[in-house]
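This report concerns only the one structure given below.
These numbers were taken from a predicted model, which means no experiment stands behind them.
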Amino acid sequence: MAFAAAPAQAGVDQLTLPALKAPRAAKSMLLGVALAGPRIVAVGERGIIVFSDDRGSTWQQADVPVSATLTGVTFAGTHQGWAVGHDGLVLHSADAGKSWTKQFDGNQANALIMAAAQERVARAASESSAAKRAEQALQDAKAAAKFGPSRPLLAVWFKNESEGFAAGSYGLLLRTRDGGAHWELWSDHIDNPEGLHFNAIAATPSGALVIAGEAGNVWRSADGGTTWEGLPTGYKGQLYGALAMRNAGGGEDLLAFGFKGNLFRLAANTRGWETLASGTTKNLSGGVLLSDGSPALVSQDGRLVLGSADGKRFKVVPGAPLPAVAIARGPADAGVAVSGIGGVSLVFLSAQNDASKP
């Protein structure tokens with residue numbers, strides 16, 4: 001989910017200015033959180049990345065070569081990690097989040113978008129209506145490039161140390177097959193003619209991929225991201241995430257959640273989404289599957305919205321004492337780690353929080 005961070009200093013290139021070390025870095029606005037083995041790693045405003053090896057009791061600030069706001073983070077295994085953020089930024093860590101290098105930025109994204117637009121113009125030259133659309137897309141790409149690296153990346157996911165995706169604003173979708181050494185523009189592989197924002201990307205238990213985005217849209221890929229099918233919920237607002245749960249028949253039911261507590265469920269092998277009662281009117285900004293396969297969502301006010309194993313019933317319980325943005329499983333499945341304004345909180349769950357019970 002996108003939050004506004006503090007404004008950057010005028011005239012400062014956030015892609016070249018290293019993040020400043022701050023004594024209270026762990027209490028800053030942290031927009032993404034993930035585990036690197038037992039280590040908790042969180043990313044946020046002004047390029048701040050912090051990590052904890054003692055379940056959040058103490059924190060260290062990582063070495064980061066940029067000061068742009070970071071919005072998401074993921075790890076493939078214990079050591080290899082990627083973070084994304086404003087200015088089309090992708091960072092990589094090979095030491096479990098202790099230090100980071102820049103792999104990609106919005107200037108490179110602009111070049112990929114421009115090249116793709118020029119290629120479409122060349123292909124469409126013989127068909128007038130297609131040529132007009134292609135030419136308009138090229139002009140839009142040129143206009144966007146004048147603003148510099150202006151497309152934020154909002155989400156990142158890796159299958160392993162080689163294969164991954166980064167997704168973000170205006171329908172920007174990137175793919176890598178070599179751990180981020182090279183990134184491909186993948187936006188044309190998904191039907192999104194309006195350039196709607198992609199807010200989150202996640203894998204399902206079966207290995208399918210789901211993207212949640214603007215205007216109530218969900219996309220799913222069953223072939224590792226090569227092709228995508230649209231699964232619109234019919235809702236017209238922002239969706240900030242999607243999850244999938246195994247059902248009793250062995251299929252996968254989808255959940256999509258977002259603005260003002262809106263929550264939807266799509267049963268396996270159906271096309272019609274069901275509206276569920278989330279129990280809150282606050283934005284649902286993040287979600288994760290717990291070790292038992294049940295969903296846990298976090299609302300913008302820091303409370304947890306815990307689902308039953310089948311994802312049909314939800315219960316609001318106390319959560320983090322801070323406005324929240326992101327959620328991840330805690331170390332060794334010890335509760336959940338919630339990040340937001342004021343840092344990261346580890347929230348431990350108890351039996352009375354079971355949403356399957358009244």
Side-chain angles (χ1 to χ4, degrees), residues 1-4 31-32 71-72 84 151-157 165-174 186-204 208-222 225 227-245 247 251-289 295-301 303 305 307 310-314 316 324-327:
M1 177 180 175
F3 270 63
L31 304 177
T71 56
V84 297
R151 291 180 174 86
L153 287 170
L154 304 174
V156 60
W157 170 86
F165 286 90
S169 60
Y170 308 107
L172 180 58
L173 185 63
L174 302 169
W186 211 251
S187 303
D188 285 350
H189 289 74
I190 192 165
D191 185 20
N192 182 22
E194 297 178 3
L196 301 174
H197 300 330
F198 298 141
N199 293 322
I201 183 169
T204 73
L209 297 177
V210 286
I211 289 176
E214 196 175 3
N217 281 285
V218 176
W219 294 267
R220 178 172 58 190
S221 173
T227 61
W228 297 81
E229 62 171 330
L231 300 170
T233 63
Y235 171 59
K236 300 303 180 185
Q238 292 279 1
L239 294 176
Y240 298 127
L243 298 173
M245 300 143 301
N247 60 32
E252 285 187 336
D253 301 335
L254 294 183
L255 287 178
F257 52 88
F259 187 63
K260 287 191 173 181
N262 278 281
L263 178 60
F264 307 95
R265 175 178 173 271
L266 180 68
N269 304 315
T270 67
R271 301 292 297 184
W273 290 83
E274 171 190 5
T275 301
L276 301 179
S278 69
T280 182
T281 57
K282 300 295 185 181
N283 295 348
L284 296 172
S285 54
V288 67
L289 292 183
L297 312 179
V298 65
S299 64
Q300 193 174 353
D301 60 358
R303 293 191 295 172
V305 180
D310 60 7
K312 295 180 179 180
R313 295 172 302 283
F314 286 81
V316 179
V325 181
I327 184 172

request  = Kindly give the heavy-atom pair with the smallest separation between Ala326 and Gly32, and that separation in Å.
outcome  = CB-CA, 3.9 Å
query = With a 4.5 Å limit on heavy-atom distance, are the side chains of Tyr170 and His197 in contact?
reply = yes
query = If you look at every heavy atom in Gly311 and Pro295, which pair is closest and at what distance?
reply = CA-CG, 4.4 Å
task = Could you tell me whether the side chain of Leu284 reaches within less than 4.5 Å of the side chain of Ser278, counting heavy atoms only?
result = yes
key: Evaluation steps, side chain to side chain contact (heavy atoms under 4.5 Å, CB included), between Leu254 and Trp273   = CA-CA 9 Å; Leu254 294 183; Trp273 290 83; 3.9 Å; yes
remark   = Ala215 meets the side-chain contact (heavy atoms from CB on, under 4.5 Å) criterion, sequence neighbours left out, with Leu196, Asn217
request  = Take Leu276 and Arg313, measure what side chain to side chain contact (heavy atoms under 4.5 Å, CB included) needs, and give me the verdict at the end.
outcome  = CA-CA 8 Å; Leu276 301 179; Arg313 295 172 302 283; over 6 Å; no
note = d(Glu252 CD, Asn269 CG) to nearest 0.5 Å is 10.5 Å
remark   = The single option from Asp253, Asp310, Thr204 that satisfies side chain to side chain contact (heavy atoms under 4.5 Å, CB included) with Met245 is Asp253
request  = Walk me through it: do Leu174 and Trp186 pass the test side chain to side chain contact (heavy atoms under 4.5 Å, CB included)?
outcome  = CA-CA 5 Å; Leu174 302 169; Trp186 211 251; 6.0 Å; no
request  = Show the numbers, then the answer: is there a side chain to side chain contact (heavy atoms under 4.5 Å, CB included) between Asn283 and Lys260?
outcome  = CA-CA 4 Å; Asn283 295 348; Lys260 287 191 173 181; 4.3 Å; yes
key: Residues which pass side chain to side chain donor-acceptor pair (under 3.5 Å) with Asp191, listed by chain and number, not counting sequence neighbours   = none
query = Do the non-hydrogen side-chain atoms of Phe314 and Thr280 ever get within less than 4.5 Å of each other?
reply = no
request  = Kindly give the heavy-atom pair with the smallest separation between Ser285 and Ala324, and that separation in Å.
outcome  = OG-O, 3.3 Å
query = Once you round to the nearest 0.5 Å, how far does CG of Leu209 lie from CZ of Arg220?
reply = 11.5 Å
inquiry  = Could you tell me if the side chain of Leu231 sits less than 4.5 Å from the side chain of Glu229, heavy atoms only?
reply    = yes
note = Closest non-hydrogen contact found for Arg265 with Lys312 is NH2-CE, 3.2 Å
Heavy-atom donor-acceptor pair, Asn199 side chain to Leu239 backbone, under 3.5 Å = yes
ask   = Under the criterion side chain to side chain contact (heavy atoms under 4.5 Å, CB included), which of Val210, Asn192, Ile201 is the partner of Trp219?
value = Asn192
message = Restricting to non-hydrogen atoms, name the atom on Val218 and the atom on Ala256 that form the minimum distance, rounded to 0.1 Å.
response = CG2-CB, 3.9 Å
query = In Å and rounded to the nearest 0.5 Å, what is the CZ to OH distance from Phe257 to Tyr240?
reply = 11.5 Å
key: Sub-4.5 Å side-chain heavy-atom contact between Thr275 and Tyr235   = no
remark   = Closest heavy-atom pair, Ala200 versus Gly241, reported as atoms and distance to 0.1 Å, is CB-CA, 3.8 Å
task = Classify the side-chain pair Ser299/Asp301 by whether it contains a donor and acceptor separated by less than 3.5 Å.
result = yes
message = In terms of relative ring orientation, are Phe165 and Trp228 parallel, tilted or perpendicular, with 30° and 60° separating the classes?
response = perpendicular
query = Tell me, do Val84 and Thr71 make a side-chain contact under 4.5 Å, heavy atoms counted?
reply = yes
ask   = Do Asn262 and Thr233 touch side chain to side chain, with heavy atoms closer than 4.5 Å?
value = no
ask   = Under a 4.5 Å cut-off applied to non-hydrogen side-chain atoms, are Leu243 and Leu297 in contact?
value = yes
message = Run the side-chain contact (heavy atoms from CB on, under 4.5 Å) test against Lys236 and tell me which residues pass, sequence neighbours left out.
response = none
